[in-house]
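These notes are about the structure you will find just below.
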Number of protein chains: 2
Amino acid sequence: MRADARKNYTHVLTVAREVLTEQGATASLRDIARKADVGLATLYRHFPSRDALVETLLRTELDVLTDRATELEKEPPSAESLIDWFKDSVRYFQRYRGVTDLMAAAYADPQSALFTSCSRVRAAGNSLLARAQAVGVASNELDEADLFALIAAAGWMSDPPSFNDRADHLIDFIARAMLR
Amino acid sequence: MRADARKNYTHVLTVAREVLTEQGATASLRDIARKADVGLATLYRHFPSRDALVETLLRTELDVLTDRATELEKEPPSAESLIDWFKDSVRYFQRYRGVTDLMAAAYADPQSALFTSCSRVRAAGNSLLARAQAVGVASNELDEADLFALIAAAGWMSDPPSFNDRADHLIDFIARAMLR
DNA sequence: ACCTGAACACCGTTCAAGT
DNA sequence: ACCTGAACACCGTTCAAGT
C-alpha cells in the first residue's frame with residue numbers, strides 16, 4: 001500500500017472509531033469521511049461496506065475473545081468458564097451501540113465482511129459449550145447456534161437507552177439458565 | 001373527520017399494513033404514501049410519526065393481548081398461564097419484522113406514540129408475574145421490567161433471517177428459565 | 001378542513017476525471 | 001495507484017399554496 005493510502009486508511013479508522021463510539025454502528029459513513037477530511041469514495045475504496053469497516057474495528061477484540069476461549073480450554077471444563085466466556089462475548093457485541101443488529105444480519109449472510117467474525121465466535125463458543133455439556137454442567141437443550149443467538153440477544157438488550165440499566169442482571173439470568 | 005379524510009386514513013392504513021408485512025417496520029413512509037396514491041404530507045397529517053402509524057396498526061392486537069391477560073387472571077395463578085401469555089406477547093412483538101427495535105426505543109421514550117402500548121404490555125405482564133411469584137412458580141429474580149425486556153429480546157431473535165429457525169426453541173428456553 | 005407539490009437537508013453508492 | 005467531486009436515486013420532514 002502506498003504511503004498516502006496507508007495514512008488515509010489508518011486515519012479513517014481512528015475517526016470511525018470515535019464516531020461509532022459516539023453515534024453507534026449506524027452512524028453516517030459520509031459523516032465519517034467528512035470528519036476524516038477524506039473523499040467519501042476514499043472511504044469506500046478502503047472499506048467497501050459498513051460491515052467491512054466495523055469488522056476491521058472489531059478484529060482486535062475478536063482475537064482477544066477467541067484467545068480467551070483457547071485459554072479456558074486448558075483448564076478443566078466448568079460452568080464458570082462457560083459463563084465467563086459468555087459474558088466476554090456479550091461485551092464484544094456491546095462494543096458499539098447497534099452492532100448486534102449488524103452481527104445478526106451478518107450471521108445469515110456469508111457475503112458479509114462480518115460473517116467470519118460470527119463464525120469464529122460461534123466456533124469458540126461451541127467447544128466451551130460441548131465441554132461443559134460433557135461434564136453435565138450445561139443444558140443439553142442448547143447447541144452452538146443457540147448460544148450465539150443468546151449472546152446476540154443479550155448484547156441487543158444492552159443497547160442504551162432501553163434496557164441498559166438491567167442488562168447486567170438479565171445477562172446473568174440468561175447465563176445461569178444455560179447451566180443445569 | 002371529513003369523508004374524504006376518513007377514506008384516505010383507512011386506505012393508508014390498509015396499504016401500510018401490506019407494505020410493513022412485506023418489508024418490515026422500517027419500510028419507507030414515502031413508499032407507503034406512493035402506493036396509497038396519497039401525498040406524503042397527507043400520510044404525515046394522519047400519522048405524525050412512524051411510531052404513530054405502527055401503533056395504530058398494532059392497537060387491535062394489543063387489545064387481544066391485554067384481554068388475554070385479564071382472562072388468565074380469572075383462573076388460579078400457574079406457570080402455564082404466565083408462559084402462555086409470555087408467548088402471546090412475543091407474538092405481538094413479531095407482528096412486523098423489526099418492530100421490536102421500535103418498541104425498545106419507545107419503551108424509554110414517553111413521547112413516543114408506542115409508549116402507551118409498552119406500558120400496557122408491561123402492566124399486564126406484571127400482574128401475571130406477581131401472581132405466579134406469589135404461589136412460588138416464577139423466579140423472584142425478575143420484575144415487570146425484566147419480563148418486558150425478555151419479551152422484547154425474544155421478539156428480536158425471531159426476526160428473520162438470522163435466528164428465525166430456532167426462535168421457537170429459544171423462546172421456550174427463556175420461558176422455562178423464568179419459572180422456578 | 002384537508003390535500004399536495006416542492007423544497008430542504010440528508011443518506012448510500014458509483015464513476016468519470018484528475019494527479 | 002490512489003483520490004475526488006459530482007451525479008444518481010433515494011430518505012424523512014416541513015410548509016406555502018391550492019381546493
Side-chain angles (χ1 to χ4, degrees), chain A residues 1-20 22-57 96-99 101-103 105-106 109 111-114, chain B residues 1-20 22-57 96-99 101-103 105-106 109 111-114:
Chain A
M1 189 159 11
R2 232 165 62 180
D4 56 343
R6 156 127 279 141
K7 205 186 145 200
N8 274 336
Y9 179 87
T10 55
H11 187 230
V12 165
L13 269 184
T14 309
V15 173
R17 177 158 272 133
E18 288 165 15
V19 175
L20 290 206
E22 248 179 65
Q23 311 184 18
T26 57
S28 156
L29 299 182
R30 237 192 179 85
D31 194 35
I32 294 173
R34 217 154 26 210
K35 281 181 174 139
D37 273 313
V38 135
L40 179 51
T42 301
L43 185 149
Y44 268 87
R45 153 175 285 268
H46 291 301
F47 309 100
S49 66
R50 181 182 299 275
D51 282 9
L53 178 60
V54 172
E55 193 272 333
T56 309
L57 287 174
Y96 305 102
R97 188 161 24 100
V99 95
D101 290 287
L102 287 187
M103 293 295 260
D109 175 19
Q111 302 307 313
S112 164
L114 280 166
Chain B
M1 191 160 8
R2 230 165 61 178
D4 55 343
R6 155 129 277 141
K7 206 185 143 198
N8 274 335
Y9 178 87
T10 56
H11 187 231
V12 165
L13 268 185
T14 309
V15 173
R17 175 160 272 134
E18 288 166 15
V19 175
L20 291 207
E22 250 180 64
Q23 311 185 16
T26 58
S28 156
L29 299 182
R30 236 192 179 84
D31 194 35
I32 294 172
R34 214 153 31 209
K35 281 181 173 136
D37 274 312
V38 136
L40 179 51
T42 302
L43 186 149
Y44 268 86
R45 154 176 285 268
H46 289 302
F47 309 101
S49 67
R50 181 182 298 274
D51 282 8
L53 178 60
V54 172
E55 193 272 331
T56 308
L57 287 173
Y96 304 102
R97 188 162 23 100
V99 93
D101 289 287
L102 287 188
M103 293 296 259
D109 175 19
Q111 301 307 314
S112 162
L114 281 166

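Labels below follow one simple rule: chain letters A, B, ... track the order of the sequence lines, proteins then strands, and each chain is numbered from 1. On a predicted model such as this, the values are computed, not experimentally measured, just so you know. Both backbone and side-chain heavy atoms feed into the values below; hydrogens, waters and symmetry mates do not.
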Legend entry - Backbone of Leu102(B) reached by a side-chain donor or acceptor of Arg50(B) within 3.5 Å: no

Inset, instruction - Without swapping roles, check the side chain of His11(B) against the backbone of Ala36(B) for a donor-acceptor pair under 3.5 Å. - result: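 Checking the backbone N and O of Ala36(B) against the side chain of His11(B), a donor-acceptor pair under 3.5 Å is found.
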
Legend entry - Derivation of the side-chain contact (heavy atoms from CB on, under 4.5 Å) call for Leu29(B) and Leu53(B): CA-CA 10 Å; Leu29(B) 299 182; Leu53(B) 178 60; 4.1 Å; yes

Inset, instruction - Return the orientation label for the Phe47(A) and Tyr9(A) ring planes: parallel under 30°, perpendicular over 60°, tilted otherwise. - result: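 Judged by the thresholds at 30° and 60°, the geometry between Phe47(A) and Tyr9(A) is parallel.
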
Legend entry - Boundaries of the DNA chain C segment in contact with chain A, non-hydrogen, under 4.0 Å: dC11(C) to dC15(C)

Legend entry - Runs of at least three Watson-Crick or G-U pairs with DNA chain C, cut-off 3.5 Å: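 Consecutive-pair runs (3 or more) involving DNA chain C: C:4-8 with D:12-16, C:12-16 with D:4-8.
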
Inset, instruction - Rounded to the nearest 0.5 Å, what's the gap from CD1 on Ile32(B) to CG on Leu40(B)? Could you check? - result: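 Going from CD1 on Ile32(B) over to CG on Leu40(B), the span is 10.0 Å.
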
Base, sugar-phosphate, or nothing: which does [X] touch, judged by heavy atoms less than 4.0 Å apart?
X	result
Arg34(A)	sugar-phosphate
Arg50(B)	sugar-phosphate
Ala5(A)	sugar-phosphate

Inset, instruction - Using the side-chain contact (heavy atoms from CB on, under 4.5 Å) rule, take Asp101(B) and Asp101(A) through it: C-alpha gap first, then chi angles, then the decisive distance, then the call. - result: CA-CA 10 Å; Asp101(B) 289 287; Asp101(A) 290 287; 3.7 Å; yes

Legend entry - For DNA chain D, the residues among residues 23-31 of chain A that have a non-hydrogen atom under 4.0 Å from it: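 Of all residues in residues 23-31 of chain A, the ones placing a heavy atom under 4.0 Å from DNA chain D are Arg30(A).
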
Legend entry - Earlier contact from the 5' end, DNA chain C, for His46(B) and Arg2(A):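 Mapping each residue to its closest nucleotide by heavy atoms, the 5'-most match is His46(B).
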
Inset, instruction - Could you walk me through whether Arg17(B) and Tyr96(B) pass side-chain contact (heavy atoms from CB on, under 4.5 Å), step by step? - result: CA-CA 9 Å; Arg17(B) 175 160 272 134; Tyr96(B) 304 102; 3.3 Å; yes

Inset, instruction - Indicate yes or no: does Asp31(B) engage Arg34(B) in a salt bridge with an N to O separation below 4.0 Å. - result: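 Salt bridge: yes.
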
Inset, instruction - Tell me yes or no: between the side chains of Ser112(A) and Asp51(A), is some donor less than 3.5 Å from an acceptor? - result: yes

Inset, instruction - Please name the residue in the list Leu57(B), Thr26(B), Val15(B) that meets the side-chain contact (heavy atoms from CB on, under 4.5 Å) test with Leu20(B). - result: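 Only match with Leu20(B) under side-chain contact (heavy atoms from CB on, under 4.5 Å): Leu57(B).
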
